[in-house]
Amino acid sequence: MGLSSFSLVLLVLGVVIFKGTSQQVRPNYADALSKSILFFEGQRSGVLPSSQRMTWRKDSALYDGHDVGVDLTGGYYDAGDNVKFNFPMAFTTTVLAWSAVEFASSMDPVELGHTIEAVRWATDYFLKATSIQNKVFVQVGDPYSDHACWQRPEDMDTKRTAYAVTSTNPGSETNTVDPTVRVFRFALFIVILAVIRYDCIQDELLWAAAWLFKASNQQKYWDYVANNFNSLTEVREFGWDDKHGGIYVFMANELLSKGNNDNVYLQHADRFVCSIVPESPTKGVTYSPGGLIVKPVGSNMQNPTAISFLLLVYSRYLSRANKVVQCGDKIANPQRLQEIAKGQVDYILGNNPMKMSYMVGYGSRFPEKIHHRGSSLPSVVVHPTHYRCQDGHLFFLSKYPNPNELTGAVVGGPLPNDTYIDSREDFRQSEPTTYINAPLVGLLAYFSNPQI
Ligand SMILES: *[C@@H]1O[C@H](CO)[C@@H](O)[C@H](O)[C@H]1NC(C)=O
């Protein structure tokens with residue numbers, strides 16, 4: 001073997017090794033950010049504005065609330081169906097707003113504008129849902145009749161029942177629409193929604209009070225959290241049905257930013273973090289072999305996005321306060337928390353065993369047969385004729401990709417062994433939800449343009 005062919009072999013080996021290590025393409029976080037926000041336009045209910053960018057969607061559910069004499073048009077369809085579930089919608093809205101508050105400096109003005117518009121689309125609807133004193137509308141649409149049909153939102157002829165709860169404890173609200181009153185209505189709203197589910201509501205009460213404090217800076221809301229925190233059971237979860245982790249991190253951040261580095265909230269936030277960090281002796285979550293956080297719930301992807309969001313926002317306050325988290329004999333510094341959060345985001349964007357993106361329209365391979373009525377049926381733009389309840393099943397069972405791209409939608413995701421079957425029938429894997437995307441907006445904003 002001459003010198004030159006030896007060099008050639010080295011070169012080839014080098015290329016092979018280089019290729020082997022360069023499979024991790026740096027994700028285009030800015031592109032993913034734009035798409036993650038655009039997704040919310042595809043979920044819009046009501047009269048769409050002229051600025052609507054996802055143009056295969058049109059006006060829908062224009063008589064919501066008609067039967068009860070209240071305008072309940074607007075808001076978001078929760079997932080791949082056409083029901084408006086206000087409880088998860090409230091979580092989605094709060095976390096979208098938190099993303100905007102926390103990461104505004106990382107977003108360019110256009111994307112920040114789109115994010116605020118996405119928040120407003122929900123809050124305008126919540127104002128309608130709370131416009132009658134002591135009455136709160138909690139849901140529009142009948143899940144049983146809706147789920148029995150495979151219909152575009154624009155065609156819906158299923159029951160649009162408006163579900164309401166009435167307060168037995170009339171508040172002292174006036175009709176003045178000052179911002180605090182509006183916020184108070186949301187708080188009340190969140191609490192009543194929790195009650196109707198016969199759920200433990202203490203975390204929602206504290207969560208609402210924490211945000212009321214942030215919005216109004218009134219001491220009474222802070223005191224409410226402080227005085228009731230002890231009655232809260234320690235639960236290391238965060239999601240639309242559980243606000244514990246969010247309360248710990250929110251309160252810890254407020255105090256860290258005021259120079260208070262040792263308090264009960266911080267201890268809880270640290271224990272929450274230690275339940276996530278893979279090397280922590282008190283780790284409580286499971287990671288798939290490919291590195292994704294997995295919990296046994298319907299749609300898994302909500303866990304990695306919500307948990308990573310908290311890790312990221314907490315890491316920034318820890319970093320400013322020069323603090324680390326001590327998990328037994330292991331130290332998790334702010335950089336480590338960001339690395340974990342980034343690992344989850346990168347997994348979603350394609351750094352995973354399937355080598356595919358779980359965000360529709362991002363990357364070269366992504367889910368094409370998502371469990372989503374509007375996306376899977378021909379758009380009213382190309383097929384204006386009405387599809388009846390059962391007409392859609394042909395499209396549900398189709399082996400072809402969905403005709404309309406619900407750009408930015410992140411699906412429920414792979415099985416615990418990192419495999420993914422792109423099938424509409426498997427809704428746990430292939431259905432997108434608004435509460436998967438909301439925390440991702442903040443994460444993508446930060447990783448696209450990290451600002452201290
Ligand atoms: C992944 O898990 C599913 C469900 O348990 C199973 O059917 C499938 O065979 C597994 N695939 C691999 C590659 O292990």
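First listed ligand is number 1; within each ligand, the first listed atom is number 1. Everything quoted here is computed from the prediction, not taken from an experiment.
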Once you restrict both partners to nitrogen or oxygen, which atoms of ligand 1 have a protein partner under 3.5 Å, and how far apart are they?
from     : atom 1 : to   : atom 2 : distance (Å)
ligand 1 : 2 (O)  : N417 : ND2    : 2.3
ligand 1 : 11 (N) : N417 : ND2    : 3.0
ligand 1 : 14 (O) : N417 : ND2    : 3.2

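For the residue pair S45 / Y125, no side-chain donor-acceptor distance below 3.5 Å is found, with atom types taken as modelled.
Relative orientation of the W98 and F309 rings is perpendicular, given thresholds of 30° and 60° on the angle between their planes. Taking the six-membered ring where tryptophan is involved, the planes of Y248 and H268 are tilted, since the angle between them lies from 30° to 60°.
Taking the six-membered ring for Trp and the full ring otherwise, Y358 and Y420 have centroids separated by under 6.0 Å.
Classification of D31 and K35 as a salt-bridged pair holds, one side-chain N sitting under 4.0 Å from a carboxylate O. Between D64 and R160 there is a salt bridge, since a side-chain N of the basic residue sits under 4.0 Å from a carboxylate O of the acidic one.
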